[in-house]
Amino acid sequence: MSSYSPSSVLLLLLVIFIFGGSSAEAAEAPLSSAAKEYLQAHNQARAAVGVEPLDWSETLANASSRVVRYQRNKMSCNFANLTNSRYGANQFWAGGGSSTPRMAVDKWVEEKKYYNHGNNTCAPNHTCGVYTQVVWRKSLHLGCAQATCTKDQTTIAICFYDPPEWWGHVVMVGDGAIY
């Protein structure tokens, strides 16, 4: 059995401390400009109603990326069937050119005008599910991706949220505040 001198152990610990950093810091890659734009747009909408900001999740971003690539490559950028997803999800589809992450989130947030925060309902003949997913207080993590079908000049974007808003994309009714 070999033994190490106290000075060699101290030197090793010093090297680990100086160069090792924390595993969380080492694992975090800088966010892409699209990720920053999705996150900023979401967190602005959440701040407007007093909800804590979301954190970016590479796990969710990778999952949404797999779905949008499939939709682009196999489904002509049509909406994905996400009814069995383990995450909350919002989708955006745009034709006629490019769209930005901010455009997708702004479109979802447009539903805010139909949502009554006081009694957690949506105006008759309107939907509020994508808006409430953006601002749902219990969601902590966000990951999004976008793909363009060049042949049709269409774009699909999908954001996943964890934990999800369990009500899904239906007209919101019932007791208790969403945010």
Side-chain angles (χ1 to χ4, degrees), residues 31-57 60-73 75-83 85 87-118 120-173 177-179:
L31 294 181
S32 69
S33 60
K36 288 178 187 175
E37 192 173 343
Y38 278 117
L39 193 57
Q40 181 183 37
H42 275 83
N43 287 337
Q44 284 176 346
R46 293 168 69 85
V49 293
V51 177
E52 294 293 318
L54 294 166
D55 291 321
W56 187 258
S57 165
L60 297 177
N62 290 337
S64 62
S65 178
R66 284 189 298 275
V67 174
V68 296
R69 285 193 323 260
Y70 178 82
Q71 293 307 113
R72 179 194 62 208
N73 297 340
M75 305 301 289
S76 301
C77 280
N78 289 312
F79 275 125
N81 179 353
L82 300 173
T83 55
S85 175
Y87 306 117
N90 280 343
Q91 296 186 71
F92 171 79
W93 182 92
S98 64
S99 64
T100 65
R102 167 71 65 177
M103 291 168 66
V105 178
D106 286 350
K107 188 67 175 171
W108 298 329
V109 173
E110 281 181 11
E111 290 184 355
K112 178 180 182 176
K113 62 187 169 195
Y114 305 117
Y115 183 67
N116 182 324
H117 293 276
N120 186 28
T121 59
C122 193
N125 302 315
H126 294 282
T127 58
C128 299
V130 293
Y131 168 68
T132 57
Q133 179 62 79
V134 169
V135 300
W136 195 54
R137 182 177 301 280
K138 292 184 181 180
S139 287
L140 304 173
H141 308 288
L142 171 72
C144 305
Q146 181 171 309
T148 300
C149 288
T150 53
K151 178 182 172 188
D152 301 346
Q153 289 299 305
T154 58
T155 300
I156 185 169
I158 296 175
C159 288
F160 283 153
Y161 306 81
D162 191 42
E165 175 204 5
W166 290 110
W167 291 286
H169 304 283
V170 297
V171 175
M172 302 303 297
V173 294
I178 294 299
Y179 61 93

Nearest heavy-atom pair of [X] and [Y]: which atoms, and what distance?
| X | Y | value |
| --- | --- | --- |
| Gly50 | Arg137 | O-NH1, 3.9 Å |
| Ile156 | Asn78 | CD1-O, 3.2 Å |
| Val135 | Val51 | O-CG2, 3.6 Å |
| Gly95 | Thr154 | CA-CG2, 4.0 Å |
| Ser99 | Thr155 | OG-CG2, 3.4 Å |
| Leu60 | Ser57 | N-OG, 3.1 Å |

message: Tell me if a side-chain donor or acceptor on Arg72 pairs with a main-chain N or O of Cys149 at a distance below 3.5 Å.
response: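 Not confirmed, Arg72 side chain does not pair with Cys149 backbone.
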Quick check: does any side chain N or O of Gln91 sit under 3.5 Å from a backbone N or O of Phe79, one acting as donor and the other as acceptor?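 Absent.
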Report the C-alpha distance between Trp108 and Cys159 in whole Å, list the side-chain angles of each, state the deciding distance to 0.1 Å, and finish with yes or no for side-chain contact (heavy atoms from CB on, under 4.5 Å). CA-CA 11 Å; Trp108 298 329; Cys159 288; 3.6 Å; yes
Less than 4.5 Å apart, side chain to side chain, heavy atoms only: is that true for [X] and [Y]?
| X | Y | value |
| --- | --- | --- |
| Tyr161 | Val134 | yes |
| Leu54 | Asn43 | yes |
| Cys77 | Gln71 | no |
| Val109 | Gln44 | no |

Exercise for the section: Classify the angle between the aromatic ring planes of Phe160 and Tyr87 as parallel (below 30°), tilted (30 to 60°) or perpendicular (above 60°). Expected result: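 Answer is tilted, since the angle falls between 30° and 60°.
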Taking the inter-plane angle between the rings of His117 and Tyr115 on a 0 to 90° scale, is it parallel (under 30°), tilted (30 to 60°) or perpendicular (over 60°)?
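Perpendicular: the ring planes of His117 and Tyr115 meet at over 60°.
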Enter the distance from [X]:[atom1] to [Y]:[atom2] here, rounded to the nearest 0.5 Å.
| X | Y | atom1 | atom2 | answer |
| --- | --- | --- | --- | --- |
| Glu52 | Leu140 | CD | CG | 10.0 Å |
| Asp106 | Thr100 | CG | OG1 | 7.5 Å |
| Arg69 | Gln146 | CZ | CD | 14.0 Å |
| Cys144 | Phe92 | SG | CZ | 12.5 Å |
| Asn90 | Ser64 | CG | OG | 11.5 Å |
| Leu31 | Glu37 | CG | CD | 12.5 Å |

**Message:** Surrounding CD of Glu110 (heavy atoms of other residues, nucleotides or ligands, distance under 6.0 Å), is the total greater than 12?
**Reply:**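 For Glu110, atom CD is crowded (more than 12 foreign heavy atoms under 6.0 Å).
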- Does a donor on one side chain and an acceptor on the other come within less than 3.5 Å for Ser139 and Gln133?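 A pair is found: one side chain offers a donor N or O, the other an acceptor, under 3.5 Å apart.
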